[in-house]
Amino acid sequence: MDWDDEYLEELYHKVIRLHDQSPYKFGEIKQNSEATLVVNNPMCGDRYKVWVEVNRDKIEIGGFFGYGCSISKAAGSVLLRATDGQFKEQSIALLRLFIAFIEEGEVAFLSHLDRGLAEEIKAFGGVQKFPARKKCALLIASGYLEWLIAQD
Amino acid sequence: MDLDDLNLKADFPIFQHFKKHNLPFIYLDSAATTQLPGVVINRLQQYFVEENASTNRGIYPLGWEATQRYEQARATVAKFLGASQPKDLLFTAGVTHSINLVALGYLEQKLKEGDQVVVSVMEHHANFIPWQRLCAKKGAQLLVMDIDPLTGVLEWEEDKYFGDRVQFIALGLVSNVIGNRQPIEKIAIRAREKEIPILVDAAQSLGDGVDLVGKLGVDFIAFSGHKMFGPTGTGVLWVSPHRQSGFEPVILGGGMVEEVNIRETSLAEWPRKMEPGTPNTAGALGLAKGLEYWMEHIGSLDYFGHLQKLQKEVVDFLMELGGVQVYTNLEDGRGILSFSCDWVHSHDLATFLGQKGICIRAGHHCAQPLMNRLSVESLSRVSLSYYNDGEDLELFIQQMVRAKNFF
Ligand SMILES: Cc1ncc(COP(=O)(O)O)c(C=O)c1O
């Protein structure tokens, strides 16, 4: 295996492969019900719909569905699973941590998270070597964060 | 002489650069932009080192010479296109600019509520959105020709596309996704019978060689320099002489006027009135040099056969690889093909191959109406040019096999 495969292995970490193969609540939505939010990356055509509700400050994920690469799908899966049933403020904080980690490689605050979750998030660290792919990791996170902040 | 034996790569410094550093560089994205031959790069450098002056303004020798050279470049492009006179073509910033000029400077003057404009579902956004917006603004209707999704062949023969309300037809010569060449000549004959002006987006016409004006029989031809061995941000709009009188400039400024006073301005003659501001002289010289390179080094060879041979090799391989759906047309292909794999998303594939120095394009290719028609969200595309050879394909094939194992 040559050096470039190492980066590829890192990018396509097994956590990402697993979530890509069986994403959390993917396609579990009720037919015909309006999605809460739609995110898309106009550069590549990746597009997801997310069904989510906030009831008494607690998040309920209905599911998500759409089309995109393994990184965008896996990132959506990890974040939706991690925030399902959690408080809104906590989830906003988590999404911010994730975004800072992808954008800046910021790891310091990940230690505040549950260890399993921190490991899952770190699995996306491979994008640091592929800046063009950061957008993929951030696709659902950014739209979801914006939507959560707008809920009062 | 076969192009394969020519080692055309030696003419393109970028291939030498990667070779010198012992890095793989398999460039399969020429439909996005072609690499530049050394002669073009040298031409640009020579202009900036020895000849730089403002075109159309200088009285001193260097300024006057810059104007001469700019007009000489126009003449070279005219020769390539088979235009009867150099003044029939305008230098622009590319196909996008050229088409918008026609939409806003030509058709907008004429289009009325209830009129129709014809495009096809396989157009690049550059040949779709300007017409769509103009129709919306004027209350006109956009008629969209369909294609056979398997071959990309246009279904153009219906009478409605040549009806009394049709004021304009705008079609691509070669699809940047499926890569097939459309029968523009036949469509143009029908359009002429009804005196409907027709524009051709010739961005991907490098495989069609010289004399597009004579071959196609259309009213407007748009192409980009950077897809024909020239620099980015350069392009051409050729306008048939009998469509020039109805054409108004869209952008106004210096260098395009007869006389300006406080009350009014009288415009210069065509083509000066259509090229306001200080032109991209170096770009025009580079573009012309790219076309000269084509005429001198490629035009006399079996260039078309070379592209088709490589294209067929890629298609045969992909079919055999399995889990791949290929979108192309081998009979009428121009070295461009797209595909989707049921085992990997196109972006993940492009990342993998990119890491191996293989450049392919992934995404919607600025052709979302076509992607919807094909019921796909995103495709991988291989597009070949004359410098590609069997060795490029060998490495592509080798890494595709590895990619399939990896994902
Ligand atoms: C068929 C087609 N039309 C138009 C364009 C736009 O060309 P440019 O970006 O040079 O204006 C392209 C380039 O991608 C193309 O492939």
Side-chain angles (χ1 to χ4, degrees), chain A residues 1-23 26-27 38-49 64-77 102 123-140, chain B residues 18 21-26 29 32 124-125 128-129 176-177 327 338 340-381 395 398-407:
Chain A
M1 195 183 292
D2 35 43
W3 61 271
D4 44 7
D5 273 351
E6 215 175 280
Y7 289 171
L8 285 168
E9 291 293 347
E10 218 177 299
L11 180 66
Y12 295 104
H13 191 284
K14 70 173 183 297
V15 168
I16 293 179
R17 289 169 182 257
L18 285 174
H19 276 272
D20 177 38
Q21 275 154 23
S22 46
F26 192 70
V38 180
V39 292
N40 79 314
N41 179 350
M43 297 296 287
C44 62
D46 284 5
R47 188 181 176 85
Y48 295 98
K49 294 180 172 185
F64 80 120
F65 194 57
Y67 176 86
C69 63
S70 56
I71 313 249
S72 61
K73 194 185 282 174
S77 172
I102 298 296
F124 290 86
V127 295
Q128 297 305 336
K129 305 241 170 51
F130 298 86
R133 303 304 301 274
K134 287 187 176 184
K135 267 217 169 104
C136 310
L138 293 173
L139 183 58
I140 288 181
Chain B
F18 281 97
H21 293 91
N22 217 2
L23 292 168
F25 180 60
I26 316 301
D29 197 19
H124 186 280
H125 293 168
F128 197 90
I129 314 175
N176 63 316
V177 178
Y327 301 86
S338 293
S340 62
C341 304
D342 61 16
W343 40 271
V344 69
H345 182 280
S346 67
H347 260 189
D348 294 319
L349 181 62
T351 295
F352 181 94
L353 294 177
Q355 197 61 8
K356 314 289 182 184
I358 299 171
C359 312
I360 67 161
R361 175 84 188 268
H364 57 53
H365 310 281
C366 299
Q368 282 182 328
L370 176 61
M371 306 302 273
N372 292 338
R373 179 65 183 86
L374 300 175
S375 305
V376 294
E377 316 290 335
S378 140
L379 292 174
S380 305
R381 178 183 72 190
L395 288 163
Q398 191 185 337
Q399 292 302 339
M400 279 295 290
V401 172
R402 289 185 68 187
K404 196 173 178 202
N405 292 329
F406 183 88
F407 288 107

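Note on naming: letters A, B, ... go to the chains in the order of the sequence lines (proteins, then strands), and numbering restarts at 1 for each one.
- Relative to the six-membered ring of B:Phe352, A:Arg133 misses at least one condition, a distance below 6.0 Å or an angle of at most 45° to the axis.
- Taking the six-membered ring where the residue is Trp, the centroids of A:Phe26 and A:Phe65 are separated by under 6.0 Å.
- Of the listed residues (A:Cys69, A:Cys136, A:Gly45), the greatest number of heavy-atom pairs within a distance under 4.5 Å of chain B belongs to A:Cys69.
- Of the candidates B:Val177, B:Leu379, B:Leu370, B:Leu379 is the only one forming a side-chain contact (heavy atoms from CB on, under 4.5 Å) with B:Tyr327.
- Proximity to chain B is absent for every atom of A:Arg47, based on heavy atoms less than 4.5 angstrom apart.
- Proximity to chain B (any heavy atom under 4.5 Å) is restricted, for A:Asp46, to the side chain, taken from C-beta onward.
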(message) Please evaluate residues B:Lys356 and A:Asp5 with respect to the criterion salt bridge (Lys or Arg N to Asp or Glu O under 4.0 Å), reporting the C-alpha separation (whole Å), side-chain torsions for both, the decisive distance (0.1 Å), and the verdict.
(response) CA-CA 9 Å; B:Lys356 314 289 182 184; A:Asp5 273 351; 2.4 Å; yes
